[in-house]
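Here is the structure we will look at.
Protein chains get the first letters and strands the later ones, always in sequence-line order, with residue 1 at the start of each. Any value given below was found using the heavy atoms of this structure, including those in side chains, with hydrogens, waters and symmetry copies removed.
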Amino acid sequence: MESGRGFRYFCKMHANFLNDLNTVQRQAADTTEGPVMIIAGAGSGKTRVLTYRIANLIFKGVDPFHILALTFTNKAAREMKIRIGKLVSESDARNLWMGTFHSVFAKILRIEAEKIGYPSNFTIYDTDDSKSLIKTIINELGLDDKIYKPNLVLSRISSAKNNLISDREYNDNAEIIEEDRKSAKSKLGLIYSLYNQRCFKASAMDFDDLLYKTNVLLKKYPEVLYKYQQKFRYILVDEYQDTNFSQYLIVKKLAAMHQNICVVGDDAQSIYAFRGANIQNILNFEKDYPELKTFKLEQNYRSTKTIVQAANSIIKHNKDQLKKVVWTDNHDGEKISLLQAGTDNEEGQIIANRIFELKANHQLANSDIAILYRTNAQSRSMEEALRKRNIPYRIYGGLSFYKRKEIRDLLAYFRLVINPKDEESLKRIINYPARGIGKTTLEKVIATAAEHQLSIWEVLVNMSQLRVITGASAQRLTEFVTMIKSFQQALTGNAFDLATHIARSSGLLKELGADKTPEGVSRQENVLELLNGIQEFIDTESESEDEVQERTLEVFMQDIALLTDADEDEKNDPNRVSLMTIHASKGLEYPAIFVVGIEENLFPSQASLSSRTELEEERRLFYVAMTRAEKFLTLSYALMRYKYGQIQYCEKSRFIEEIDQDLLILPSGAPKSGALLEFDDERTSFRSFNRKEPGIGSLKPKNNAATPLKPKSPTAFTPTRSDFVPDDTSNLSSGMQVEHERFGPGKVINVEGKPGDKKATIIFQAFGQKQLLLKFAKLKIIA
DNA sequence: CCAGTACTTAGGTTG
DNA sequence: TAAGTACTGG
């Protein structure tokens, strides 16, 4: 079958290419048959081993189509493909099945969708969609959303799915029922069932469904399981310590036939237990495959001796761990600096100063440096300080491009056009931009849908037969349906043309164009950027050879559904300091690392203190943070910090005490807040500088002048005119020119409603289309 | 319907 | 403090 593929690569690769690896690494990469577990300490060249192992498989003649490699992020998959491409050939690398669990199995689910009753163009609900649907259900059931908090409900449902507990099993399980009853949330099971029904009716799957339904598919259809067992003869799983039960079982089933399964992980770096990841999977692995060969990668190539020893001294305080000794041949390096600041703001200033010193003394670039923190809220004081010193930075994990409102709005149009049953999208845009479809009308439609067991879309399409809504409202709903249908006609055509057409004729671009504030302009630019992205998508060729897909809008949407902001590439100025949470830093490395806010109740976090397992997870998190550093590691804490606008007094973290103290440089006379060093620019010039409030200097009031004020909205500039005398509008009709006290001149395009309670739709020159109730609106009739 | 105001709440977050 | 939602007057 594998007709001597190795031959083709003989010239390109010298047979001894595995000599680039150390002994254990080489064994791990060359033991290609049978179950293998690789325990890979931090910085031990794990990615390198995976890369070489896959290249080795291809070199030995395995067809890339038969290799499945599951990674933690799409970015990791992309980078690994590039590296493998350089070892073998780009076309072979392209043909690998490589990606996250979610993206790989979403692909498979689309192929097999009809077996489980879904269309292949099913929508993927993201967390916001899920939450919004849960909110709807809670409201419909008349439950209190303070008891049934959408976040909590979702995490409960998610955890059920990740443990493969169906809604039926949930509702039949005495233990679960008792647990929910005790916490006064006995309706959770009902919400779970309704949520599933609604997702199914909307032809939608949430993130957890992608794994759950894969399990259902493989269990219910042995022939499908067989097909993929045949296909995936070699399976590799990265970051195995962070997989959950649902993922574990998928892998176990797929690997059952050939048993060529290789998992790579490090129990010391397991930091996602809080959402279902299970270290037990590693222990299970040994039970499932008694023939297993285990390799321990213990030599660290990343960090100095100091950093490796410090990290080891931390992790040894955890009881639960596999035996492993991480060591390094690297230099001792510098000691770890510990900095103490008076307040969170001062912490930012000290760090910024320190970054200047490091860059000046050690020829580091901004991009060699990362600041890591426990919670996103901590980024503020760091940003402020960096901005003041003109140090360019980039924040990971902020509001990603695809989460911006204007982008979600346009994507909702695309989603609805592709899958008109997608109710979350429909509700989002049916009246945006405003087209006079009010809350009452929509509620009537939803009620009708529930009554007849139809989707909202089906009600809209069959409105004339159902005769629930009549008159002007029905007219506008019909117009909406006609518009969406006309978009659907163009689905097979050019994706960019269709997308642009939708953005224009939905009125979305016009709506955004009406807003002349800087924010408004930037929203418009974002939409244009998305359209550019679609053009770019069309211009790039399809990833894999076996699916020569048309670059339609539908395919584009499938592509971006599972993106995260870790996937965004750095277009402008790559030379920036990186800011991110420790969670987001997993798998990354930098010459210089700052870990900030190492205080009790923050790191370890307050909530983790009550249980040993949670505290140990925090400690692993600290271990991950420290082991990101290659040469320079700086830790810091503050004595005071703002939390929810209140001052909180802090104590340095127990984790600091746990570090081998010989490796630390303790805060030698932490700078008093009276005299900080203030740098002017990137040169080393600096001057002493006195703060305004001696003593408690850094507890300065917020909203200082350094923070740019938000530009005022145009509304604020339009004075309320005392000479404005409104006209009688009881006979207002379409086509009339009017003037509004605040919105200025505009043209009436529609008037409806009973006399005395009329609603007018007016396009204002400067403010776009608005609907106004005439009993309130003060209008002057011009013509 | 629109827009300003009062009130509530707050963890880390793959895809 | 900041963001998001619910309420209310025009």
[X] [atom1] to [N] [atom2], straight-line distance once rounded to whole Å:
X        : N      : atom1 : atom2 : answer
A:Asp126 : B:dT14 : CG    : P     : 12 Å
A:Arg742 : B:dC1  : CZ    : C1'   : 12 Å
A:Lys758 : B:dC1  : NZ    : P     : 17 Å
A:Phe776 : B:dG4  : CZ    : C1'   : 15 Å
A:Phe105 : B:dT14 : CZ    : C1'   : 15 Å
A:Asn162 : B:dT13 : CG    : P     : 18 Å
A:Gln378 : C:dA2  : CD    : P     : 16 Å
A:Tyr402 : B:dT13 : OH    : P     : 21 Å

Between protein and nucleic acid, restricted to nucleotides 10-12 of chain B and to nitrogen or oxygen atoms under 3.5 Å apart, what atom pairs and distances do you find?
{"unit_1": "B:dA10", "atom_1": "OP1", "unit_2": "A:Lys149", "atom_2": "NZ", "d": "3.3"}
{"unit_1": "B:dG11", "atom_1": "N2", "unit_2": "A:Arg374", "atom_2": "NH2", "d": "3.0"}
{"unit_1": "B:dG11", "atom_1": "N2", "unit_2": "A:Ser605", "atom_2": "OG", "d": "2.6"}
{"unit_1": "B:dG11", "atom_1": "N2", "unit_2": "A:Glu618", "atom_2": "OE2", "d": "3.3"}
{"unit_1": "B:dG12", "atom_1": "O4'", "unit_2": "A:Arg374", "atom_2": "NH1", "d": "2.8"}

Legend entry - Along DNA chain C (nearest heavy atom to each residue), the more 5'-positioned of A:Gln646 and A:Leu772: A:Gln646
Legend entry - Residue closer to the 5' end of DNA chain C, A:Lys135 versus A:Leu773 (nearest nucleotide):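 Its nucleotide being nearer the 5' end, the pick is A:Lys135.
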Inset, instruction - Can you tell me which residue pairs pass the ring pair (Phe, Tyr, Trp, His ring centres under 6.0 Å) test with a partner in residues 122-143 of chain A, sequence neighbours excluded? - result: none
Inset, instruction - Answer yes or no for A:Lys161 and A:Phe207: cation-pi contact, defined as NZ/CZ to six-membered ring centre under 6.0 Å and angle to ring axis within 45°. - result: no
Inset, instruction - With heavy atoms under 4.0 Å as the rule, sort A:Asp208 into base, sugar-phosphate or nothing. - result: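 The answer is base, as A:Asp208 lies within the cut-off (heavy atoms under 4.0 Å) of a base atom.
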Inset, instruction - Select base, sugar-phosphate, or nothing to describe what A:Lys778 touches, counting heavy atoms under 4.0 Å on all strands. - result: sugar-phosphate
Inset, instruction - Assign the ring pair A:Phe622 / A:Phe655 to parallel, tilted or perpendicular, where the plane angle (0 to 90°) is split at 30° and 60°. - result: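 Ring orientation of A:Phe622 relative to A:Phe655: parallel.
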Inset, instruction - Report the nucleotide, chosen from B:dC1, B:dT14, B:dT8, that has the shortest atom-to-atom distance to any side-chain atom of A:Lys146. - result: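 Output: B:dT8.
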Inset, instruction - Find out whether A:Ile235 and A:Leu254 are in side-chain contact, i.e. whether some heavy atom of one side chain is under 4.5 Å from a heavy atom of the other. - result: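 SC-SC contact between A:Ile235 and A:Leu254 confirmed.
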Legend entry - Non-hydrogen side-chain atoms of A:Thr214 and A:Ile250 separated by less than 4.5 Å: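 They are in side-chain contact.
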Inset, instruction - Could you pick out which residue, A:Ala434 or A:Ser158, lies toward the 5' side of DNA chain B when each is mapped onto its nearest nucleotide? - result: A:Ala434
Inset, instruction - Apply ring pair (Phe, Tyr, Trp, His ring centres under 6.0 Å) to A:Tyr623 and list each qualifying residue two or more places apart in sequence or on a separate chain. - result: none
Legend entry - Short side-chain N/O contact to B:dT14 OP1/OP2 from A:Lys75, under 4.0 Å: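 Negative; the distance criterion is not met.
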Inset, instruction - Say whether A:Ser155 and A:Ser158, considering side chains only, have a donor N or O and an acceptor N or O under 3.5 Å apart. - result: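 On atom types as modelled, these side chains do not qualify, holding no pair under 3.5 Å.
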